[in-house]
Amino acid sequence: MAVVRRDERLDIAHVISTAGQRPKIKALESFKLERDELDALSRLAQGKQLKRFRCTTLLVEGEYQLAQLDALNVPDEERLQALRWRLKDMVDFPVESAALGVVDFPSQPGRPGGIFAVAAAQDVVGQRMAAFDQAKLRLEAIDIPELALRNVAALFEESNRGLAFLALSKGASLLTITYQGELCLSRRIEMSPEALASEDPERRQQMLERLALELQRTLDTFDRQYSFISVSRLMVATEYDSAGLVAGLADNLYVPVQAMDLAQVVDFDSLPELRQLERQAQGLLAIGAALRPAA
């Protein structure tokens, strides 16, 4: 069960994944924060019987730092200590006590590999753990949005092809490129779905052209750095009507552009009332966080 904060709401998603089958969405709901996160967790623990589940959650932007680095040429048992040394001048909190995570990403044959390093201050992680503990919920993993989105994007991948996935949410857009189920690139783009859905046609077109330019630059850079990975398409997820956005991006990009349709890759059969969410970004990160534990 993923429990994910989204602005002033908590999204929960229960996903069952079985090898060889499409993931089954057993629950997907959103609840407004009446007081604070601890109060909401405590209410959900009782009202939705969350105490029965193993839970995962996400940090939010500003609570962690994600860095793409060259691979660490040290034994595995020395990896985290070497990473602390590498990150000491890159973070604005004590790296000695920080929570760290390492994710390897694909490298071009014959070239050194690389890693994504995730760092969060001890007090940030401690507060999140304490909230779940006080609500008597079993927290098994703390993930980040980039990896949650990777989990969803991986479901749409074609064999031996890369996939670009753009998730538009309030305040910003998150772009990832995955290959063989692994994160290769992550980038935040300061573009909101509200701006792209503006009632002013001129402003809407300006925002669309700006977004297309940012995406094209990123795809070009990725193509130069990862020439062995062919990106098959760009998948777009948004809380607003995506038809015009997809058509506009398709006219400006050299890769095919498609609107996300979760029904292609997950099973909503037990929750037919959620059909309206299949093409939207609502609850997307919660679903991604529930697909598998943090790497």
Side-chain angles (χ1 to χ4, degrees), residues 1-7 9-13 15 17 23 37 41 54-69 72 79-80 83-84 86-87 90-95 97-106 114-132 137 139-156 163-190 218 235 237 281-295:
M1 177 75 73
V3 185
V4 175
R5 182 162 183 171
R6 178 170 57 93
D7 298 321
R9 306 189 69 84
L10 276 184
D11 293 341
I12 66 171
V15 180
S17 298
E37 189 169 346
L41 287 173
R54 294 172 296 127
C55 295
T56 183
T57 191
L58 299 180
L59 298 177
V60 300
E61 185 179 7
E63 292 184 333
Y64 65 95
Q65 292 193 32
L66 179 66
Q68 186 172 339
L69 306 170
L72 301 168
R79 205 179 197 195
L80 287 182
L83 183 59
R84 292 186 193 279
R86 183 84 67 88
L87 292 173
M90 300 174 63
V91 299
D92 55 3
F93 46 80
V95 72
S97 59
L100 301 180
V102 181
V103 180
D104 295 290
F105 60 80
I115 61 171
F116 285 104
V118 185
Q122 183 183 42
D123 60 339
V124 169
V125 174
Q127 289 171 12
R128 187 61 56 84
M129 293 174 64
F132 275 77
L137 295 177
L139 180 62
E140 287 208 349
I142 300 177
D143 212 331
I144 61 173
E146 288 84 351
L147 296 182
L149 193 61
R150 171 204 64 182
N151 297 344
V152 176
L155 299 175
F156 289 95
L163 178 82
F165 198 108
L166 176 66
L168 293 158
S169 60
K170 186 177 180 180
S173 304
L174 180 59
L175 173 70
T176 63
I177 297 180
T178 58
Y179 175 67
Q180 296 183 343
E182 297 301 336
L183 184 66
C184 300
L185 176 145
S186 173
R187 183 188 172 194
R188 289 187 178 272
I189 301 174
E190 297 302 318
T218 301
M235 192 75 62
Q282 285 181 276
L284 187 64
L285 290 180
I287 291 173
L291 279 170
R292 64 181 181 182

Results of side-chain hydrogen bond (donor to acceptor under 3.5 Å, both in side chains) for Thr178 - residues two or more places apart only: Glu157

Applying side-chain contact (heavy atoms from CB on, under 4.5 Å) to Val91 and not counting sequence neighbours gives Gln65, Phe93, Val95, Ala119

Between Ala289 and Thr56, what is the shortest heavy-atom contact and its length? O-CG2, 3.1 Å

Please report the shortest heavy-atom distance between Phe132 and Cys55, naming the atom on each side. CE2-CB, 4.1 Å

Enter the distance from Glu146:CD to Leu175:CG here, rounded to the nearest 0.5 Å. 11.0 Å

Nearest 0.5 Å, what's the CE-OG1 distance between Met129 and Thr57? 12.0 Å

Quick check against the 3.5 Å criterion: does Arg5 have a side-chain atom that pairs as donor or acceptor with the backbone of Asp7? yes

Distance, nearest 0.5 Å, that separates CG of Leu168 from CG of Leu284: 11.0 Å

Atom OG1 in Thr176, atom CD in Glu182: separation rounded to 0.5 Å? 12.0 Å

Any chance you could lay out the side chain to side chain contact (heavy atoms under 4.5 Å, CB included) test for Met90 and Leu69, step after step, and finish with the verdict? CA-CA 11 Å; Met90 300 174 63; Leu69 306 170; 3.9 Å; yes

Partners of Glu63 by side-chain hydrogen bond (donor to acceptor under 3.5 Å, both in side chains), sequence neighbours excluded? Arg128

Does the side chain of Leu174 reach to within under 4.5 Å of the side chain of Ser169, using non-hydrogen atoms? no

Suppose we screen for side-chain contact (heavy atoms from CB on, under 4.5 Å). Which residues come up paired with Ala131, at least two apart in sequence or across chains? Leu41

Applying salt bridge (charged side-chain N to carboxylate O under 4.0 Å, His left out), can you list everything that pairs with Arg6, at least two apart in sequence or on another chain? Asp11, Glu239

Quick one: salt bridge (charged side-chain N to carboxylate O under 4.0 Å, His left out) partners of Asp104, sequence neighbours excluded? Arg79

With Asp123, which residues qualify under side-chain contact (heavy atoms from CB on, under 4.5 Å), at least two apart? Ala121, Gln127

Minimum heavy-atom separation for Ala13 and Ala290, please, with both atom names. O-CB, 3.6 Å

On a heavy-atom basis, which atom in Ala148 and which in Leu285 lie closest, and how many Å separate them? CB-O, 3.8 Å

How close do Phe156 and Leu163 get, counting heavy atoms only, and between which atoms? CB-CD2, 3.7 Å

Between atom CZ of Arg84 and atom CG of Leu100, what is the distance when rounded to the nearest 0.5 Å? 4.0 Å

When every non-hydrogen atom of Leu155 is compared with those of Asn151, the smallest separation belongs to CG-O, 3.6 Å

To the nearest 0.5 Å, what is the distance between CG (Leu183) and CG (Leu185)? 7.5 Å

For Val118, which residues count as a side-chain contact (heavy atoms from CB on, under 4.5 Å) partner, sequence neighbours excluded? Tyr64, Leu66, Ile144

Listed by chain and number, what are the side-chain hydrogen bond (donor to acceptor under 3.5 Å, both in side chains) partners of Ser186, not counting sequence neighbours? none

By ring-ring contact (aromatic ring centres under 6.0 Å, His included) - contacts of Phe165 (at least two apart): none

Within a strict 4.5 Å, meaning less than it, do heavy atoms of the Val3 and Leu139 side chains meet? no

Would you please name every residue forming a side-chain hydrogen bond (donor to acceptor under 3.5 Å, both in side chains) with Gln68, sequence neighbours left out? Tyr226

